[in-house]
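One structure is given here, and the rest of the page talks about it.
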Amino acid sequence: MSNYDFKEIETKWQNRWQESNSFKTVENDQPKYYVLEMFPYPSGKIHMGHVRNYSIGDVVARYKKMEGFNVLHPMGWDAFGLPAENAAIKHGIHPDGWTKKNIQEMKEQLNTLGLSYDWEREVATCSPDYYKWTQWLFLQFYNKGLAYKKESRVNWCPSCETVLANEQVVGGECERCDSKVGKKLLNQWYFKITDYAEELLKDIEKLEGWPEKVKTMQKNWIGKSEGAEIDFPIENSDKKLKVFTTRPDTIYGANYMVLAPEHPYVTELVAGTECEGAVNALIEKLQHMSDIERTSTEMEKEGLFIGHYCINPVSGERIPIYIANYVLIDYGTGAIMAVPAHDQRDMDFARKYNIKITPVIQPSDVEGELQLEDEAYDGDGIMVNSQEFNGLSNEEAYKKISEKIEALGVGNRTVSYRLRDWLLSRQRYWGTPIPIVYCDDCGTVPVKEEDLPLELPTDIEFKGKGLSPLTTSKTFMEATCPKCGKTAKRETDTMDTFVDSSWYFLRYADPKNTELPFKKESGNYWLSVDQYIGGVEHAILHLLYARFFTKVIKDLQLIDVDEPFKNLLTQGMVLKDGAKMSKSKGNVVSPDVIIEKYGADTARLFVLFAAPPERDLEWNDQGVEGCFRFLNRVWRLVMEAHENKMFDSVVTSPSKEDKNLKYMIHNTIKRVSEDIEGRFNFNTAISAVMELVNDLYKYKENNKENINGELYKEGVSTVIILLAPFAPHMTEELWSIINGEGSVHQLSWPKYDPQAVVKDEVEVVIQINGKVKDKIVVPADLSKEDLEKLAMNNEKIQSLINGATVVKVVAVPKKLVNIVVK
RNA sequence: GCCGCGGUGGCGGAACUGGCAGACGCAGCAGACUCAAAAUCUGCCGAUGGAAACAUCGUGGGGGUUCGAUUCCCUUCCGCGGCACCA
């Protein structure tokens, strides 16, 4: 018997699949199924996380194809980004060449895994064919007012002299040089994602196939708060201070006001007053602190009275105005009314600066005046110290006071979101250029659509410092105004790479289109993605941005769907020795090495068998060995039967064991189908097949002389077919050996025979006081009464009861009888 | 602090609607084959007591509902993840 030569088999079938274009997909009349794994950054080497991600996707793709769906299963490259540029700075090579080489290498590695991708749909975000449409989309956003430029404080690394994305700030430090990240006022491009905050929040409800965890994270990130905006007139000024509060019911307890130090009123108000020096000194101090330092909860609250007062618009009370580090300029209105009695932060501040504290809500379980030490009371209760609202519950007061504020014209109910607009400018070279020019006469002018793509120049110097490398390109910098034709300046920033990845799943629907990002009919045919698979680390940013883009693209009438991903599977990490595999820890297991030693089928089987997909997976070399052993066991089972012509043996009357085997075969089909379909429990699907293999070996051993060849072939074929999505090479080889022709992957997924999975005899447990005492085999359709009788008359049970009083008998047909005795 | 997830043998994990806890795999032990080893095959494999039959305990801890709880409820401890002065 020939050995399981995985190397030869895998190479052979990978070549055949490629030659015959097996995985090419075209739109047709079948129901479609779009399965997508998050595309990788082309670092050059795949790691076990990739193997896991793509193995999961490939099983789904192959399974759905056998189920009769027209499956779209594409792959591409999130190819812009920092590592390429860093490599350019370090080694003096061009990011383009570096990236292309990496793509080539990774593609070869992916192919050794036997993944069923339609490579004709491959996209790379760094290719001009692709980023042309990223730029085109940017222009559509711009025309709708959804891309705009504003000056704001952004993360700034003083050593690298560049802006950093929030994700590039790790613990307040620059991820590259570890220097402290500061803040700098810069003019940058933003996407107005806040315009879609409500829709992004509301539509989370539609995402039934998403993990609860991810939905909660998105909800928290969007952070909707209902409340009111209220104007507090400033004494001796015509200005009004607008604040946002979620507790308008506590307005009579507003003992002071706080402005964020950056609030535009501050400098104006203190100018020329005796507070000016001290206030400016504090602002100066706070400006040099990172956000992390400044807004940490451990940070002591710090502030200053600025010498002015507000008038409470409902009570007329005079309230001092402070600035303080704990109020943020970019949330709400950048100013608050502080209610120390009912807000812990305000309480802490008031205690520190000896500010009056007025309780306005009386807890129902407290007699007499509310005594507040250092704990604010944030619960419900009855209004006090609140003029005509005294005696109302605070819920009622919330309504009535809001109404009064609106009636007086001093404010209105509103909502506030924690979500901020998306800063997309990057002072980097290796990204999609922002298609904008600045003309002295016409101002900010978009590049004409027919001039796209605005290509990245190649005459660049990579110094790693200062302005965007694009400023060093003469060819790029020379621009003319699209409106008036005069010499103009180019935008030298590029886009955040999250922009590129926010629409790639749409491009796969029609990847070669030169007229549009994709044809509407193709987009509508393939989208939404039926199953999206990737790491949970993208739970917020990528998935939120992609949802935002899809909604805007729908509003641009380029597609009819409003959510990109119907179902989402967030796979766990691959760990070794309890920690994430990483070079610095030295616990990396290379996929190449595993494939070389055991083959791709074993590697795939292991990552799917060792843990359910959502959970972290602990790498185990011996576990891999076990999967390899199992595949060998299948190999021998099939080859032995084939070579000894066991399938040809004929029996005239099926034995009881034949019936059991038939049951096992069809029950396994049922279990595996349900495990894949329902919850992607690949680990239990595989163990079900293992059990069937064990049973087939036992059957063969017990029926040496009278094997039912037809049934045995059914069992063996079932093993091969059920395993096909998991171990595509070996099953293809075995199928061709026992059947001569045809591909196992072209078969229909088997349906179990409902007759075969009905047992006519079942084992029933007999318990006394909930403890198992005996087991009996009874007809499956035995009635409750007969079962009870049978159990009571059981000899062993009789002797155990031994005259004790039977209090109750619970009989559950097909399951158990529980006899309660005293 | 708030929100979410999890805690089951030596290990990874199973038990789907409350019904035999530990499927399947790994590791371990014993045996068969072999001059020997590898490979393969067979059996055992939660803890305690017992020669055994068997008994008792056992799904982080405590309590509850139930004939019956890994599963439902209350409470508590531990671990992981996210957000974090968001007014």
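Below, chains carry the letters A, B, ... as their sequence lines are ordered, and counting in each starts from 1.
Relative ring orientation between Tyr353(A) and Tyr322(A) is described as tilted, the plane-to-plane angle lying within the 30° to 60° band.
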Inset, instruction - For nucleotides 4-21 of chain B, just jot down a letter per nucleotide in 5' to 3' order: B, S or -, based on protein non-hydrogen atoms under 4.0 Å. - result: S-------BSS----BB-
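Look at the C1' atom in both G22(B) and C45(B): the space between them is 12 Å, to the nearest Å. Between G64(B) and G12(B), the distance separating the two C1' atoms is 34 Å to the nearest Å. For the P atom pair drawn from C77(B) and G58(B), the interatomic distance equals 23 Å after rounding to whole Å. Of the C1' atoms belonging to A15(B) and U8(B), the separation is 10 Å, rounded to the nearest Å. Using P as the reference atom, G6(B) and A87(B) are 28 Å apart when rounded to the nearest Å. The same atom, P, is picked in G43(B) and in C26(B); the two are 15 Å apart, to the nearest Å. Separating the P atom of G81(B) from that of A27(B) is a span of 30 Å, rounded to the nearest Å. Distance check on atom C1': C24(B) versus G61(B) gives 31 Å, rounded to whole Å.
Both distances falling under 3.5 Å, in either a Watson-Crick or a G-U wobble arrangement, place C2(B) opposite G82(B). In a base pair of the Watson-Crick type (N1 to N3 plus N6-O4 or O6-N4) or a G-U wobble (N1-O2 and O6-N3), with each distance short of 3.5 Å, A69(B) is matched with no nucleotide. Within the shown strands, nothing qualifies as a pairing partner of A37(B) under the Watson-Crick or G-U definition with both distances less than 3.5 Å. Of all nucleotides present, only U42(B) satisfies the Watson-Crick or G-U wobble test against A30(B), with each distance under 3.5 Å.
The side chain of Arg629(A) places an N or O atom within less than 4.0 Å of a non-bridging phosphate oxygen (OP1 or OP2) of C26(B). The phosphate of A87(B) (OP1 or OP2) has no side-chain N or O of Lys242(A) nearer than 4.0 angstrom.
Among the protein residues, Asn632(A) comes within range of no part of the nucleic acid, since none of its heavy atoms lies under 4.0 Å from any strand. When heavy atoms are screened at a 4.0 angstrom cut-off, Gly332(A) is found touching no nucleic acid atom at all. Within 4.0 Å (heavy atoms only), Lys814(A) reaches no atom of the nucleic acid at all.
If Arg420(A) and Asn694(A) are placed on RNA chain B by their nearest nucleotide, the residue sitting closer to the 5' end is Asn694(A). Between Gly623(A) and Arg633(A), it is Gly623(A) whose nearest contact on RNA chain B lies nearer the 5' terminus.
Between Leu605(A) atom CG and G25(B) atom C1' the separation is 10 Å, expressed in whole Å. The CD1-C1' distance, from Ile222(A) to C3(B), rounds to 15 Å in whole Å. Here G81(B) presents its C1' atom at 13 Å from CG of Asn220(A), a figure rounded to the nearest Å. The distance between atom CZ of Phe630(A) and atom P of A39(B), rounded to the nearest whole Å, is 19 Å. Protein atom NZ of Lys784(A) is 12 Å distant from nucleotide atom C1' of C67(B), rounded to whole Å. At whole-Å resolution of the value, CZ in Phe349(A) and C1' in A87(B) are 14 Å apart. In this entry the distance linking CH2 of Trp221(A) with P of G81(B) reads 17 Å, nearest Å. Here the P atom of nucleotide C24(B) and the CG atom of Asn667(A) are 14 Å apart, to the nearest Å.
Every residue meeting the side-chain contact (heavy atoms from CB on, under 4.5 Å) condition with Glu643(A), not counting sequence neighbours, appears here in chain and number order: Met1(A), Met639(A). Taking His538(A) as the reference, Met38(A), His542(A) meet the side-chain contact (heavy atoms from CB on, under 4.5 Å) condition, with sequence neighbours excluded. Under the side chain to side chain donor-acceptor pair (under 3.5 Å) criterion, Trp221(A) pairs with no residue at all, not counting sequence neighbours. Taking Glu317(A) as the reference, Lys356(A) meet the salt bridge (Lys or Arg N to Asp or Glu O under 4.0 Å) condition, with sequence neighbours excluded.
The side chain of Lys771(A) has U56(B) as its nearest neighbour among G82(B), C41(B), U56(B). Here the nucleotide nearest the side chain of Met217(A), chosen from G82(B), U40(B), A87(B), is G82(B). Comparing atom distances between the Arg418(A) side chain and each of C83(B), U40(B), C85(B) picks out C83(B) as nearest.
Asp346(A) and Tyr326(A) share a donor-acceptor pair across their side chains, judged by distance under 3.5 Å alone. Donor-acceptor pairing under 3.5 Å is recorded for the side chains of Arg633(A) and Asn694(A).
Base orientation of G62(B): anti (glycosidic angle beyond 90° from 0).
Checked against the 6.0 Å centroid threshold, Tyr256(A) and Phe349(A) count as a close aromatic pair.
Counting only residues at least two apart or on different chains, the ring-ring contact (aromatic ring centres under 6.0 Å, His included) pairs with a member in residues 663-691 of chain A are Phe680(A)-Phe682(A).
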